[in-house]
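To find a chain, count down the sequence lines: A is the first, B the second, and so on, and within it residues start at 1.
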Amino acid sequence: MSLNSAQRQAVAEISSPLLVLAGAGSGKTRVITEKIAHLLKSGYQAEHIYAITFTNKAAREMRERVAKLVSREAAEPLTVCTFHALGLKLLQIEHAAAGLRRGFSVLDADDALNLFKELAPKGLKNDALFALRNLVGKAKDDGLSPDEAIKAARSPREMEAASIYAMYQRRLSNFNAVDFDDLIYLPARMLEEDAELRTRWQGRIRYLLMDEYQDTNRAQYRMVRHLVGPRGAFTAVGDDDQSIYSWRGANPENLNDLARDFPSLKVVKLEQNYRCSSRILRAANTLIAHNPHLFEKKLWSAHADGDPIRVLACRDEEHEAERAAAAIAHRQAQTKARWHDFAILYRGNHQARALEKALRLVSVPYHVSGGTAFFERVEIKDVLAYLRLLCNPDDDSAFLRAVQVPKREIGTTTLEKLALLAGSQHISLLRAAERIDVQKQLASRPGAALMQFAEMLERWRRAGQSLDAGALVARVIEESGYELHIQATVKEPLAVAYRKENLQELVQWMRDNGKGRDALADLQAQLALLSHSARDEPGNAVRLSTLHAAKGLEFNHVWLVGLEDGTLPHEGGINEGRLEEERRLMYVAITRAKETLTISYAEHKRKFGDIERQKPSRFIDELPAAEIEREGDDPERDAEQRRERAGAHLANLAAMLGKL
DNA sequence: ACGATTTTCAGCATC
DNA sequence: TGAAAATCGT
């Protein structure tokens, strides 16, 4: 299929900075991939083209689609990665300018939070702690250094946050480590302050493409602005109606700022939707028209009207789940559709429980996507701690983890003593553990155990000179006793096998990606950015997903459950300006559906113990009444409605026959 | 160092 | 309500 005229325009425009406003289902990924092919044809060299996404998954998909379009060899030198991966790459190359040493660590969210907790006042309530951390995060997002944050502090709370921020950054620097936010903040700052570095990177990145632009935060925008420079050779693709991440710092205003900062900016709108039935799209348009808009766009679809949108009133959450499960099972049996053509979408993770139960009951295969902590793979984090420590002896947080798993008779008392000694000499825990005089001040058994641990790391470091990354990691897993540790601590044989597989996959990943010497130093940092592996694909199963996790996906048949005031829109979002974001969330949900959309709500729900009456979501009233078909849960009432419809149908037929 | 009991908290979740 | 974290008790 060929491109439509707006898509062609978006692909061909390479002389001016370009903003592509890509409505839901308008083929934005296709435009980006075609544009990369076009840039290559126009004489841009692949190593100078950068395509940036938000998630690893999106990056992987884009790489695959580009490789299909041009050849695999032509696509290979392209850079297609996440914002954070780009920031990491810059830091690894320019580490000296950032005050980092080679092999620096990237602390994951967990480690960063633990470090923060250590520095924050003790006994702080959870929400106060998070509020404080948000203030620190905001300072980084605003591009303020700790000193600047202290100067800018306007209230005692901000002052407190700024001083914790300063301590926090000092600790990171002692660890020779950065956190996720630093992967954006530090590059943005370096590009801002160092003209020579900026010119060099602008020469390296000759064309920049950005996906999901509405999700960028201010720091990311700053980084981008300096990377593209005044030349503005970039394409930003986004949709303000699909901005659903402002709660984690995304700033859709960035779409506006683009026009301000690049006066020659061209704007192309992709308004033809290739995904939804006309009726579904009309419903989505009518709903989102209740929001104010910066850019007017009118999405249309060439598809037929299709089935009406059904709105079901259910007794309670269980009843709602049963109806969805039964309807999916029934429809699948009737139409022989594939299971993965169905999705049930909901606002909060906890809503999945009733649905899972109902689906199991009717033996429908399902896959729950999203939901964070499900696949927190300890074995990867543990081994990564070893690798981090190997590349960066100053990484205390990696030391604390590695030294305790597997158990080697080093307990909290020993570590506290060690920390005290290390602190008094201003050296890291591992450096302290290596020192004979420190060992002498500890009890003999723990002292010896620490020495053994330090020697083991030193052995690996020497072995690393001649081994490639994959082989070295295999050796670390073996010699650290980690495999035995899994066998000893994990009870189920299946889980043991699964964990070993994961470690095997880690080794393979190192083999695949590790080229050249010192590869491990770079790879261990990249590993921190890798969340899920390429496998654990959902397969042929009904998809259960939160609305957030469903963005970017599409299904023939979508069930949207829990449409009650307080759930969608969510309680907290109803008051402040967040109602609009809730509406966008609903918009995203509707536009996932290609053929049929069923919306349901529960009239009663248990909340924190007791049963509460629920009001149907106000968003239901914002849908076009002509496109929806309401059904209560009262069988009598339903039967009556069906009879009425059948009657009307018959009357229609009779009328038509009469005309003939 | 561990298991039992009490307290707390309840929105999405990337890198 | 119910799960997870914090605290208690041995």
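A:Glu564 and A:Ser617 form no side-chain donor-acceptor contact under 3.5 Å, judged by distance and modelled atom types alone.
Remark: ring of A:Trp247 stacked against base of B:dC12; centroid gap under 5.5 Å, plane tilt under 30°.
Residues A:His548 and A:Tyr245 bring their aromatic ring centres within 6.0 Å.
Residue A:Thr82 places none of its side-chain N or O atoms closer than 4.0 Å to OP1 or OP2 of B:dT14.
Between A:Asp565 and A:Arg618 a salt bridge is recorded (basic side-chain N to carboxylate O distance below 4.0 Å).
To the nearest whole angstrom, the two P atoms, one in B:dT14 and one in C:dA3, are 23 Å apart.
For A:Arg101, the salt bridge (charged side-chain N to carboxylate O under 4.0 Å, His left out) criterion is met by A:Asp394, not counting sequence neighbours. A:Arg606 pairs by the salt bridge (charged side-chain N to carboxylate O under 4.0 Å, His left out) definition with nothing, not counting sequence neighbours.
Rounded to whole angstrom, the span from the OH atom of A:Tyr245 across to the C1' atom of B:dT14 amounts to 7 Å. The CG-P distance, from A:Leu345 to B:dC12, rounds to 14 Å in whole Å. Between the CG atom of A:Asn349 and the P atom of B:dC9 there is a distance of 20 Å, rounded to whole Å. C:dG2 atom C1' lies 11 Å from atom CZ of A:Arg606, rounded to whole Å. As rounded to whole Å, 11 Å separates atom P of B:dC12 from atom CG of A:Leu585. At whole-Å resolution of the value, NZ in A:Lys117 and C1' in C:dA6 are 11 Å apart. Atom CE of A:Met223 is separated from atom P of B:dC15 by 15 Å (rounded to the nearest Å). Residue A:Lys357 contributes atom NZ, which lies 14 Å from atom C1' of C:dT1 at whole-angstrom precision.
Residue A:His548 has its side chain nearest to B:dA13 when only C:dT1, B:dA13, B:dC15 are considered. In the set C:dG2, B:dC12, B:dT14, C:dG2 carries the atom at the smallest distance from any side-chain atom of A:Arg353. Side-chain proximity of A:Asn56 to C:dG2, B:dC15, B:dA13: nearest is B:dC15. Nearest nucleotide to the side chain of A:Ala549, out of C:dT1, B:dC15, B:dA13: B:dA13.
Within 4.0 Å of A:Gln526, counting heavy atoms only, lies no atom of the nucleic acid at all. Using a 4.0 Å heavy-atom cutoff across all strands shown, A:Phe54 reaches sugar-phosphate atoms only and no base atom.
Donor-acceptor pairing under 3.5 Å, judged by distance alone, is absent between the side chain of A:Arg248 and the base of B:dC12.
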